[in-house]
Amino acid sequence: MSGLKLKVMVVTRFAPSPTGLLHLGNARTAIFSYLFARHSGGKFILRVEDTDRERSKKEFEEVILEDLKWIGLDWDEFYRQSERFDIYGKYIEQLLEKGYAYPCFCTEEELERERRIAELRRVPYRYSGKCRNLSEREVERLKAEGRPYTIRFRVPDGRTVVFEDLIKGKIAISVDDFGDFIIVRSDGSPTYNLAVVIDDALMGVTHVLRGEDHISNTPKQILIYEALGFEPPKFAHLPVILGPDRSKLSKRHGAVSVSSYREEGFLPEALFNYLCLLGWSPPDGEREIFSKEELIEIFDLKDVNRSPAVFNLEKLRWMNGVYIREVVSLERLYEVALPFLREAGYRVDNEAYVKRVLQLTRDSYETLRDMVDRLRPFFVDRVDVPDRLTQLLREMEATRVFEKVVENLDGADLSSPEKVREFVRSVVKDTGLKPRQVWHSLRIALTGEEEGIGVDILLSVLPKDRIRLRLEEAISCLR
RNA sequence: GCCCCCGUCGUCUAGCCUGGCCUAGGACGCCGGCCUUUCACGCCGGAAACGCGGGUUCAAAUCCCGCCGGGGGUGCCA
C-alpha cells in the first residue's frame, strides 16, 4: 500500500440476471469490471438482478455463480435484488410523493395497441401520457376499483441528457426518444432501471461497466439518480461481441455459454485471456498471453476498443493449446485433465503414469476433448484394428515386425522416446524392412489408427505387458 | 421508421488524440517450405487491410465534411 492515493475507492459490480446461462459477452463484461476494480485496489460486487419473477430461475443463478468462479473471479460483496424489495419500496414512495412518478392504469393490451399504431404510422413510439395527469381523486377511484397499475417515471419535457462515457466519449440523448417509462410493474416489483439505480447508489458503485446495449437505458437512469438526489456514477459501455455473421453473439451461433466451453475442454485461464483480447489490447508490445495477475496490473479502460469484436473460435482454440502445452504447470494440467480422462472411462489410478503421458503429449492437442481422443491408446487395454488396416498390415509384412519386437521385448530398453527409437532401429535392421513400414505397422497394431501421437512416445510409456498383448493380438489376427 | 454507437488484412488488433519514423506492425486462420515414423507441435517464408468521395496541408490511416456500410436500442427483459 502506497498510502498516497487519496482518491475515493473504485467500486464496480457485475449484475447478471438469472434468466439463462452465463453468456460469453457477459463473462467479458464481468472480467473487465473485475480487472478495473482490482487494478485500483477497489471493490468488486456481484449482484443478482432477479426482479423479473417470471423469468428468473434459481438454477441459472447457481450456474452463473459457478461459472464466474470457474473462470477465476471472486467478489467482495454479494446481493440479490429479490431480497431488497422493501428498500426499493421506500424510494418508490419518495418518487411518488415528490411527483417524480405516477401510477398508470393503462393495460398491456392498450399499450400494445398504441405501439402497433405508432409502427404503422412510422412514427417513433412513446407512451401517450394518458395517466400522467390523473387527479388524486381519479387515482383513488381506480385503485379502489382494484384496477392493476404500474408506476411510471415522469420524464421532464424537452430535456437532453448528456453524459461522458469512459469508452465512447460524450453521448447526448433527448428524452423525446423514450417518454415516461415504467419503474414498477403491476405486481409491485421494480423494473431494472429503477432497481439498478437504487442499488448502485446505495452500494457506492463508482463505475458502471456494462454492454453497450445499455446505452439507451443510461439517460433514464441518470434522470432517476437526479430525482432521488444521488450522484450518478461514471459509465463505461463496452462494445458487444458479435458472431461470425456480425450480429450480436447468440445461441444461433452455437455454443455461447461459459459452461459449454468448460465442457468442451477449454481451460478457464485461456478463456479469460482470450476474452480480454476481445475489445481490449495491451498498452505496449505485441504479447497476447497474460496471466490474470498481469491483466490486473495492466488493464485500463483507455485501451478498450470502441468497436464491436467478432468472436473467433479458432483463435480461442489456438490459445487454449498454448495454455495446455506451455503455460500451465504439469500439476495444473493434471488437475484439469483428470475429470475428462475419468469421464472417458480411462483408468487413471496411477498418477505418475498419467502425468508422464500428459507431459510427453501436451504439445499435440488444443482442448481437453481432443486430448481424450488423442490419448486413448495410452489408457485402454486393447485396441480394435479395422479390417482395412489389418489388410494393410498384411501387405506390409507386419507380422515379422511384431514377432521381432515381442521376441526382444524383455531385454529392450524403452525408458525414453530416444531409447525406443534406438530399439526400433534395431528392429528395422533385423527385419530388413523400411523404417516407415516398421513404424507404421507398430502404430496400427498399437493404436488401431494411422495417425496420432508419436509411436516412440507411446512405446516409452506403455507398460510392456500391454505392448505385448496388443502385438500378440495383432499377430494372431493376421494369421 | 426513429435514436445512439462504430468503421485498419477473412478475424482479433497496433498506429489515430499529439499529421511525416507506415513501402501500415503483431496474432489467429490460410498458402508454401523445413523437421519427421503419421497427425500435430516447432522453425522459416508468403499472400492478405487504412469503406468511398471531397476538403485542409509541403505531407493524412491519422484533422474536417458528406456518403456508404455494419452494429445496438426502440418491453410491465436485463
Side-chain angles (χ1 to χ4, degrees), chain A residues 15-20 26 49-52 54-56 104 106-108 111-112 115 118-119 121-126 148-152 165 167-169 171-174 176-178 181-187 189 191-193 195-196 210-219 237 239-240 242 244 246-248 274 277-289 302 305-319 321 325-326 361-366 370 374 421 424 428 434-444 447 449-456:
Chain A
S17 60
T19 55
N26 293 138
E49 311 232 314
D50 53 353
T51 60
D52 185 348
E54 297 272 311
R55 307 196 310 150
S56 297
C104 170
C106 296
T107 64
E108 288 190 66
L111 298 171
E112 187 49 45
R115 250 193 298 275
E119 198 170 326
R121 294 173 53 199
R122 294 173 169 242
V123 295
Y125 170 73
R126 282 177 56 191
Y149 63 96
T150 60
I151 294 173
R152 283 183 186 271
D165 189 273
I167 291 166
K168 308 274 186 185
I171 295 177
I173 296 174
S174 163
D176 293 341
D177 296 335
F178 45 89
F181 54 93
I182 292 173
I183 54 176
V184 180
R185 299 184 187 92
S186 52
D187 68 356
S189 61
T191 62
Y192 163 72
N193 280 125
V196 78
R210 50 167 45 155
E212 74 177 329
D213 46 339
H214 281 292
I215 287 181
S216 56
N217 284 322
T218 308
H237 288 97
V240 292
L242 272 25
R246 304 203 64 90
S247 68
K248 197 172 164 188
Y274 174 72
L277 259 26
L278 278 186
W280 171 87
S281 58
D284 55 321
E286 277 143 2
R287 200 152 68 98
E288 299 193 289
I289 304 299
K302 77 170 167 45
N305 223 96
R306 270 178 293 277
S307 51
V310 174
F311 176 75
N312 187 323
L313 181 61
E314 280 306 313
K315 184 142 186 180
L316 204 213
R317 287 183 60 87
W318 165 79
M319 188 171 284
R325 62 181 172 266
E326 56 194 56
T361 63
R362 62 193 292 184
D363 62 3
S364 69
Y365 33 83
E366 292 185 318
D370 295 348
R374 190 92 172 164
R421 286 197 289 273
V424 172
V428 168
K434 294 237 182 290
R436 273 186 116 82
Q437 261 180 301
V438 173
W439 284 109
H440 205 57
S441 301
L442 286 170
R443 168 183 306 287
I444 292 172
T447 71
E449 291 178 31
E450 285 194 277
E451 56 186 45
I453 219 77
V455 176
D456 50 351

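Quick note on labels: first sequence line is chain A, next is B, and so on, each numbered from 1.
- With centres under 5.5 Å and a plane angle under 30° as the test, the ring of A:Trp318 is not stacked against the base of B:C28.
- Comparing B:G46 with B:G54, their C1' atoms are spaced 37 Å from each other, to the whole Å.
- Residue contacts shown for A:Ala118 are absent, as no nucleic acid heavy atom lies under 4.0 Å away.
- Pairing of B:U18, defined by two Watson-Crick or G-U wobble distances under 3.5 Å, is not identified with any nucleotide.
- Using a 4.0 Å heavy-atom cutoff across all strands shown, A:Gly279 reaches sugar-phosphate atoms only and no base atom.
- Looking at heavy atoms from C-beta onward, A:Met319 lies in side-chain contact with A:Leu277 at the 4.5 angstrom threshold.
- Here, B:C68 and B:C43 have their P atoms 47 Å apart, quoted to the whole Å.
- The side-chain heavy atoms of A:Val455 and A:Arg443, taken from C-beta on, include a pair separated by under 4.5 Å.
- Among the protein residues, A:Val455 comes within range of the nucleic acid bases, having at least one heavy atom under 4.0 Å from a base atom.
- Heavy atoms of A:Arg246 sit under 4.0 angstrom from primed sugar atoms or phosphate atoms, though from no base atom.
- When only modelled atom types and interatomic distance are considered, A:Ser189 and A:Asp187 share a side-chain donor-acceptor pair under 3.5 Å.
- With a 3.5 Å ceiling on both atom-pair distances, B:A49 lacks any Watson-Crick or G-U wobble partner.
- A:Pro219 is listed as a side-chain neighbour of A:Phe178, based on a closest heavy-atom distance under 4.5 Å.
- A:Glu49 comes within 4.0 angstrom of sugar-phosphate atoms only, judged by non-hydrogen atoms across all strands, and of no base.
- Under the Watson-Crick or G-U wobble criterion, with both distances below 3.5 Å, B:C41 has no partner in any strand shown.
- Counting only heavy atoms from C-beta on, A:Glu286 has its side chain closest to B:G25 among B:C3, B:C41, B:G25.
- Residue-level contact check: A:Asp456 touches the bases, meaning some heavy atom is under 4.0 Å from a base atom.
- Going from the P atom of B:A47 to that of B:C31 covers 16 Å, rounded to whole Å.
- A distance-only check finds no donor-acceptor pair linking the side chain of A:Asp456 to the backbone of A:Arg421 [under 3.5 Å].
- Residue contacts shown for A:Arg306 are limited to sugar-phosphate atoms, with no base heavy atom under 4.0 Å away.
- A:His214 comes within contact range of at least one nucleobase, with a heavy-atom separation under 4.0 Å.
- Nucleotides B:U13 and B:U8, compared at atom P, are 9 Å apart to the nearest Å.
- For the pair A:Arg325 (side chain) and A:Tyr365 (backbone), a donor-acceptor distance under 3.5 Å is absent.
- Using a 4.0 Å heavy-atom criterion, one finds that A:Leu316 contacts no nucleic acid atom at all.
- No side-chain N or O of A:Thr361 forms a donor-acceptor pair with one of A:Arg374 less than 3.5 Å apart.
- Using a 4.0 Å heavy-atom distance criterion, A:Asp187 is classed as making no nucleic acid contact.
- Distance check on atom C1': B:C63 versus B:G45 gives 39 Å, rounded to whole Å.
- Look at the P atom in both B:U57 and B:C67: the space between them is 23 Å, to the nearest Å.
- Nucleotides B:A61 and B:G19, compared at atom C1', are 10 Å apart to the nearest Å.
- Checked against B:G71, B:G29, B:U13, the side chain of A:Glu314 finds its nearest nucleotide in B:G29.
- Heavy atoms of A:Arg115 sit under 4.0 angstrom from primed sugar atoms or phosphate atoms, though from no base atom.
- Using a 4.0 Å heavy-atom cutoff across all strands shown, A:Ser189 reaches no nucleic acid atom at all.
- Taking every side-chain heavy atom of A:Ser281 into account, B:A14 is the closest of B:A14, B:C5, B:A40.
- Between the C1' atom of B:C35 and the CZ atom of A:Arg421 lies a distance of 12 Å, rounded to the nearest Å.
- Nucleic acid contact class of A:Arg121 (heavy atoms, under 4.0 Å, all strands): none.
- The gap from the P atom of B:G15 to that of B:U74 amounts to 33 Å, rounded to the nearest Å.
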